Visitor: 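Structure incoming, see below.
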Amino acid sequence: MLTVHGRTNSVNVRKLLWLLDELGTPYDQRDAGMEHGVVNTPAYRAMNPNGRIPTISDGDMVLWESNSCLRYLVMKAGERGTALYPADPAARASVDRWLDWQLSTLGPAEKMMFWGVIRTPPDQRDMAAVAKSVTESGACWSIIDDRLSDGRTHIEGEALTLADIALGAYASRWFGVPVGGKIALPHFERWFHTISARPAYARWLGGILT
Ligand SMILES: N[C@@H](CCC(=O)N[C@@H](CS)C(=O)NCC(=O)O)C(=O)O
């Protein structure tokens with residue numbers, strides 16, 4: 001049985017759970033990280049020396065880095081995963097570009113917006129750092145807004161791909177963190193409305209941020 005190790009309020013765990021529901025792949029989820037501990041045990045570190053979540057195990061196969069896990073899960077699903085991660089080199093590379101961009105550019109830009117508000121008590125918040133993160137996140141999301149300005153329903157066209165899942169999980173934080181200073185991004189909002197209506201999104205990302 002495929003196992004996803006990681007607490008369900010983690011954005012990077014949520015990506016995987018959203019995808020697994022889209023694929024209809026059975027899995028077992030085990031809490032790990034933050035208040036659940038586990039990540040510093042020798043057994044967990046043997047799977048993931050970073051002590052981070054998510055980690056997946058599938059028989060003898062163990063993998064970490066959420067976007068690598070997304071790719072593995074669609075490839076393992078065979079036909080069911082093809083539309084989400086197309087085989088054509090140009091189409092696949094285009095999806096991969098957004099996964100890499102989420103990890104390298106969007107994630108660092110938006111981290112303080114989320115952590116500085118949702119996971120920091122009000123009297124300890126550095127609102128200047130949060131405001132900077134809101135500005136930098138808005139600059140990132142405006143790239144997505146431009147991408148969607150031709151009326152396409154999804155990042156890569158008319159069908160859901162891993163790009164929508166990796167970016168959609170983070171978009172839940174842009175729309176869900178109650179902080180001012182966010183720029184209006186109408187195409188991005190329209191896309192978010194579409195993807196957040198999916199039952200698998202609603203199940204894992206539709207609740208309040210914690
Ligand atoms: N680049 C990694 C980031 C992993 C990461 O930093 N995960 C966070 C949760 S989103 C974590 O492990 N936090 C510490 C904890 O939960 O104990 C990935 O995409 O999997």
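In this text the structure is predicted, and so the values were computed from the model without any measurement. Each ligand, and each atom within it, is numbered from 1 in the order the structure gives. The basis for the numbers below is simple: all heavy atoms, side chains too, and nothing from hydrogens, waters or symmetry mates.
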Visitor: At a 4.0 Å threshold, what atoms of ligand 1 neighbour a non-hydrogen atom of Gly33?
Guide: 15 (C), 16 (O), 17 (O)

Visitor: Could you check atom 10 (S) of ligand 1 against the protein and tell me its nearest heavy-atom contact, residue, atom and distance included?
Guide: Ser10 OG, 3.1 Å

Visitor: Does any non-hydrogen side-chain atom of Asp164 lie less than 4.5 Å from one of Arg198?
Guide: no

Visitor: Provide, to 0.1 Å, the distance between atom 15 (C) of ligand 1 and the closest protein heavy atom, together with that atom's residue and name.
Guide: Met34 N, 3.6 Å

Visitor: Distance under 4.0 Å to a non-hydrogen atom of Leu103: what atoms of ligand 1 satisfy this?
Guide: 1 (N)

Visitor: Would you say Asn67 contacts ligand 1, with heavy atoms under 4.0 Å as the rule?
Guide: no

Visitor: Under 4.0 Å from a heavy atom of Pro54: give me the atoms of ligand 1 that qualify, with their elements.
Guide: 20 (O)

Visitor: So is Ser66 polar-close to ligand 1, meaning N/O to N/O under 3.5 Å?
Guide: yes

Visitor: For Lys132, does the NZ atom have more than 12 heavy-atom neighbours from other residues, nucleotides or ligands under 6.0 Å away?
Guide: no

Visitor: For atom 9 (C) of ligand 1, what's the nearest protein heavy atom and its distance?
Guide: Arg7 NH2, 3.4 Å

Visitor: When you check the side-chain N and O atoms of Asp126 and Gln124, is any donor under 3.5 Å from an acceptor?
Guide: no

Visitor: Looking at Asp60, I want to see if its CG is surrounded by more than 12 non-hydrogen atoms of other residues, nucleotides or ligands under 6.0 Å.
Guide: no

Visitor: Looking at atom 8 (C) of ligand 1, what's its closest protein heavy atom, distance included?
Guide: Ile53 O, 3.8 Å

Visitor: Checking a contact table here: which protein heavy atom is nearest atom 2 (C) of ligand 1, and how many Å away?
Guide: Glu65 OE1, 3.3 Å

Visitor: Students often mix this up, so state it plainly: with edges at 30° and 60°, are the rings of Phe175 and Phe192 parallel, tilted or perpendicular?
Guide: parallel

Visitor: Would you kindly say whether Glu22 and Trp18 are connected by a side-chain donor-acceptor distance under 3.5 Å?
Guide: yes

Visitor: For His5 and Ser57, which I'm curious about, is there any donor-acceptor pair between the side chains at under 3.5 Å?
Guide: yes

Visitor: Once salt bridge (charged side-chain N to carboxylate O under 4.0 Å, His left out) is applied, do any residues pair with Asp21, and if so which ones, sequence neighbours excluded?
Guide: Arg203

Visitor: Under 4.0 Å, heavy-atom basis, I'd like to know which part of Val13 is in contact with ligand 1: side chain, backbone, both or neither.
Guide: neither

Visitor: So which heavy atom in the protein is nearest atom 3 (C) of ligand 1, and how far is it from that ligand atom?
Guide: Asn12 ND2, 3.9 Å

